[in-house]
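Let me begin by presenting the structure, written as structure tokens, before commenting on it.
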Amino acid sequence: MALDGIRMPDGCYADGTWELKMHVTDLHRDVSLRVTGEIHVGGVMLKLAEKLDVKKDWSDHALWWEKKKTWLLKTHWTLDKYGIQADARLLFTPQHKLLRLQLPNMKHMKVKVNFSDRVFKAPNVSQSTPGIYSSPGLYSKTMTPTYDSRDGSPLSPTTAWFGDSPLSEGNPSILAVSQPISSPDILAKLYKPQSLLDKAKINQGWMDSSRSLMEQDVKENEVLLLRFKYHSFFDLNPKYDAIRVNQLYEQAKWAILLEEIECTEEEMMMFAALQYHINKLSIMSSDNHMNNSEKEVDEVDAALSDLEITLEGGKTSNTLGDITSIPELADYVKVFKPKKLTLKGYKQYWCTFKDITISCYKSKEEAHGTPSLQMNLRGCEVTPDVNISAQKFNIKLLIPVADGMNEIWLRCDQEKQYAHWMAACRLASKGKTMADSSYNLEVHNILSFLKMQHMNPDPQFIAEPAVTNDINSECLVSPRYLKKYKNKQPGYIRDLISARILEAHQNVAQMSLIEAKMRFIQAWQSLPEFGITHFLAKFQGGKRDELIGITYNRLIRMDANTGDAIKTWRFANMKQWNVNWEIKMVTVEFADEPSLAFICAEVDCKVVHEFIGGYIFLSTRAKDQNESLDEEMFYKLTSGWV
């Protein structure tokens with residue numbers, strides 16, 4: 001009797017063959033093939049196609065090992081090399097599948113993406129790839145439900161809205177168009193983080209850029225959020241990046257309206273005025289898009305060049321000035337050093353700002369002697385505290401010392417003085433002096449930001465009721481500022497806020513559409529909390545959970561309740577960082593200070609590792625638009641196991 005047809009206890013036949021079980025997803029059909037471990041994956045797929053005997057293009061199909069969450073993409077590898085045995089079950093499935101993306105503008109589009117490629121390369125819906133954030137509500141590990149941008153209703157995999165938008169018909173130009181929010185009910189229903197801990201929990205959901213969607217349990221037709229992950233914007237050219245500029249504007253707009261980032265009331269009115277202006281121009285340009293677009297770009301080339309420099313992180317200025325000396329500042333400035341159990345306020349000093357150091361003297365005449373107070377600002381945290389209407393121009397400095405951070409406040413008398421000292425402080429915190437080519441541009445941007453917040457209505461201007469009714473002001477400001485007037489009549493609230501928006505609008509009314517969007521992005525970047533991604537962590541030696549904030553150039557240890565910076569570490573001073581994947585501990589070593597170690601709480605440390613590596617990668621890139629993206633270097637810095 002032949003023994004080759006008798007199956008052994010391990011599932012193999014006497015001749016060494018065994019049954020490989022597969023499921024063909026397109027046909028909803030189970031298939032078995034008799035194979036040996038020496039057959040290569042390509043041979044398995046060829047045999048499978050022959051056995052199916054279906055006239056179909058199988059070129060996009062591949063084998064997926066569900067148990068191991070692995071694509072068998074190396075078709076020259078044998079089953080033995082992959083470790084596949086008789087107990088395995090494989091899926092024969094398309095690599096490209098439909099995915100539902102919520103874009104930064106909160107609209108949803110249906111796209112076909114590669115579920116077998118790394119997430120870093122999977123979405124291809126704009127000129128640069130934002131990070132993919134897994135949709136809360138679809139996974140138990142995430143904290144926030146996703147909502148329909150029309151009416152605020154919760155989204156599920158079967159209720160995502162695509163409407164009649166050309167998005168679903170492959171027309172990418174619609175991504176460059178901004179659409180106003182239709183109803184204040186949307187803002188009222190959408191999720192808003194109530195604390196820094198809420199923000200940290202949201203950040204648990206970022207997808208791993210070095211692994212595929214299938215490897216991260218994403219199913220076909222699921223909803224994912226597409227967001228700009230790293231707040232360092234390169235090569236942003238208004239002439240050619242209309243899609244990216246619009247989506248950045250939309251991400252900034254929703255972050256402000258949903259109170260994901262703090263801003264003052266004056267700043268909120270400025271943002272509202274810019275939104276109102278952008279909404280008006282968007283409606284006008286949609287009527288005559290082709291005629292306006294080229295003319296618009298030509299008219300604002302010069303104005304946008306400064307914005308482009310700021311958003312890219314700084315280019316060499318055309319005006320070099322005197323390169324033989326380093327500029328200095330010297331003026332009377334009020335200084336306050338908070339101490340426990342003291343009620344002392346600001347004290348006026350004659351302050352000089354040389355290189356990256358501020359020296360404070362009791363008077364101008366004593367400036368050649370020993371200073372009463374001296375501060376080296378390298379690595380410090382610089383935070384504005386400004387109220388235009390109250391003429392308050394304060395600068396909060398948190399200066400690194402051995403046991404933490406020293407808090408110092410500077411108070412300037414007027415805008416021009418504040419702009420120069422704030423610009424100098426920001427550069428000094430990065431180890432740069434006022435001789436740096438970006439100093440004058442920084443001063444200009446600060447003054448422009450302040451100017452847009454001015455509330456100086458034209459005496460001839462009278463807001464007509466029809467005009468204020470047209471504004472739909474409750475869709476332009478966050479719910480927090482609407483609550484200030486909760487005891488007033490709804491019509492009164494609308495008219496009051498509309499009048500303030502119209503006052504602020506006078507400062508931006510002459511801007512073109514693309515310039516207004518760029519100004520909005522720039523103003524977003526100027527907010528103190530911009531670009532800080534929060535994660536819950538427990539620091540070595542600490543007894544309670546705190547926050548680790550990651551930005552484009554530093555790590556920040558933060559108080560989880562107040563958000564105050566406890567200690568700052570600059571990437572420029574970093575020697576290396578390591579991750580202990582078993583205990584989820586991240587260790588960072590620095591050149592001239594003790595190492596930092598913390599355990600990631602409630603989040604995979606791979607997410608934190610990828611943010612650090614991603615920003616290190618971006619810091620190595622030149623500002624040259626022709627530079628190609630070094631994908632392998634990105635993976636080496638972010639994947640953790642390449």
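Basis for what follows: all heavy atoms, side chains included, without hydrogens, waters or symmetry-related copies.
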Exercise for the section: Could you label the plane-to-plane angle of the Phe590 and Trp569 rings as parallel, tilted or perpendicular, counting under 30° as parallel and over 60° as perpendicular? Expected result: parallel
Handout entry: Aromatic plane relationship, Phe233 with Phe228 - under 30° parallel, 30 to 60° tilted, over 60° perpendicular
Key = perpendicular
Close side-chain approach of [X] and [Y], heavy atoms under 4.5 Å:
| X | Y | answer |
| --- | --- | --- |
| Ser178 | Lys517 | yes |
| Val386 | Asn394 | no |
| Met375 | Leu373 | yes |
| Leu329 | Trp421 | yes |

Okay, side chain of [X], backbone of [Y]: is any donor-acceptor separation there less than 3.5 Å?
| X | Y | answer |
| --- | --- | --- |
| Asn387 | Ala390 | yes |
| Ser429 | Arg426 | yes |
| Tyr332 | Cys412 | no |
| Asn507 | His454 | yes |
| Asn105 | Gln247 | no |
| Asp241 | Arg244 | no |
| Arg227 | Gln102 | yes |
| Lys189 | Leu187 | no |
| Glu442 | Ser438 | no |
| Glu250 | Pro104 | no |

Any side-chain donor-acceptor pair under 3.5 Å between [X] and [Y]?
| X | Y | answer |
| --- | --- | --- |
| Thr551 | Arg554 | yes |
| Thr383 | Asp385 | no |
| Asp208 | Gln216 | no |
| Glu407 | Trp409 | yes |
| Ser389 | Glu266 | yes |

Taking [X] first and then [Y], would you say they form a salt bridge - that is, a charged N and a carboxylate O separated by under 4.0 Å?
| X | Y | value |
| --- | --- | --- |
| Asp198 | Lys192 | no |
| Glu265 | Arg500 | yes |
| Lys567 | Glu593 | yes |
| Lys199 | Glu529 | yes |

So, do [X] and [Y] have ring centers that fall under 6.0 Å from each other?
| X | Y | result |
| --- | --- | --- |
| Tyr249 | Phe520 | yes |
| His231 | Phe530 | yes |
| Phe535 | Phe611 | yes |

Extract all donor-acceptor atom pairs below 3.5 Å that involve side chains of residues 348-360 and protein atoms in other chains or at least two apart in sequence.
residue: Ser359; atom: OG; partner: Gln374; partner atom: NE2; Å: 2.8

Handout entry: Phe539 six-ring face occupied by Arg557 cation (under 6.0 Å, within 45°)
Key = yes
Handout entry: Heavy atoms from other residues, nucleotides or ligands near NZ of Lys451 exceed 12 (cutoff 6.0 Å)
Key = no
Practice task
List the steps and the verdict of ring pair (Phe, Tyr, Trp, His ring centres under 6.0 Å) for Tyr230 and Phe617.
Solution key: CA-CA 11 Å; Tyr230 300 104; Phe617 170 77; 8.7 Å; no
